[in-house]
Amino acid sequence: YASGPAICQAKAAQYFATQIESGILAPRNPLEIAMMFFQMGCGDLFSQLVFGLPVELSATERARHLDFVLPIFTKAFVRDR
């Protein structure tokens with residue numbers, strides 16, 4: 001975990017911290033935002049893999065999933081302008 005997902009979350013947290021500083025994102029803990037971003041993007045899919053279920057998403061299915069979760073993420077963390 002420390003050599004993979006934790007590194008990705010830390011890099012995303014750095015990016016989210018700059019977005020908070022620039023006023024785009026609401027002031028929250030950037031690491032928690034990063035963790036939520038990854039959980040929303042692939043949490044259930046990862047759980048399926050852990051439990052040995054095959055996960056084969058088409059490009060359309062991936063796009064549909066992101067189209068679903070990104071507006072929720074945006075509503076939760078992007079500052080109203």
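The first residue in the sequence is number 1, and the count goes up from there.
A pairwise comparison of heavy atoms in Ile20 and Ala26 identifies CG1-O, 3.6 Å as the closest pair. Nearest heavy-atom pair, Pro30 versus Ala13, reported as atom, atom and distance to 0.1 Å: CB-O, 3.3 Å. When all heavy atoms of Ala12 and Phe38 are compared, the closest pair comes out as CB-CE1, 3.7 Å.
For Gln9, the side chain to side chain donor-acceptor pair (under 3.5 Å) partners at least two apart in sequence or on another chain are Tyr1. A search for side chain to side chain donor-acceptor pair (under 3.5 Å) contacts involving Gln48 returns Asp44, not counting sequence neighbours.
Inter-residue side-chain proximity for Tyr15 and Gln19 is flagged as met; some heavy-atom pair is nearer than 4.5 Å.
Rounding to the nearest 0.5 Å places CG of Asp80 at 9.0 Å from NZ of Lys75. From Cys42, atom SG reaches atom CZ of Arg62 across 12.5 Å, with rounding to the nearest 0.5 Å. Rounding to the nearest 0.5 angstrom, the gap separating the CG atom in Leu31 from the CE atom in Met36 is 12.0 Å.
Ring planes of Phe73 and Phe16: tilted class, angle from 30 to 60°.
Note: the hydrophobic cluster containing Phe68 also contains Leu70 (ILVMFWY, side chain heavy atoms under 4.5 Å, direct or indirect links). Met35 and Leu66 fall into different hydrophobic clusters, where Ile, Leu, Val, Met, Phe, Trp and Tyr side chains are chained together by heavy-atom contacts under 4.5 Å. Hydrophobic clustering (ILVMFWY, side-chain heavy atoms < 4.5 Å, transitive): Leu45 and Val69 are in distinct clusters.
Arg28 places no side-chain N or O within donor-acceptor distance of the main-chain N or O of Ile33, the cut-off being under 3.5 Å. Within the 3.5 Å criterion, the main-chain N or O of Met40 finds a donor-acceptor partner in the side chain of His65.
Judged as a side-chain hydrogen bond (donor to acceptor under 3.5 Å, both in side chains), not a single pair has a partner in residues 29-41 (not counting sequence neighbours).
Here the options are Thr18, Ile24, Leu25, the test is side chain to side chain contact (heavy atoms under 4.5 Å, CB included), and the partner is Ser22; only Ile24 passes.
Atom CZ of Phe37 has 12 or fewer heavy atoms from other residues, nucleotides or ligands within 6.0 Å.
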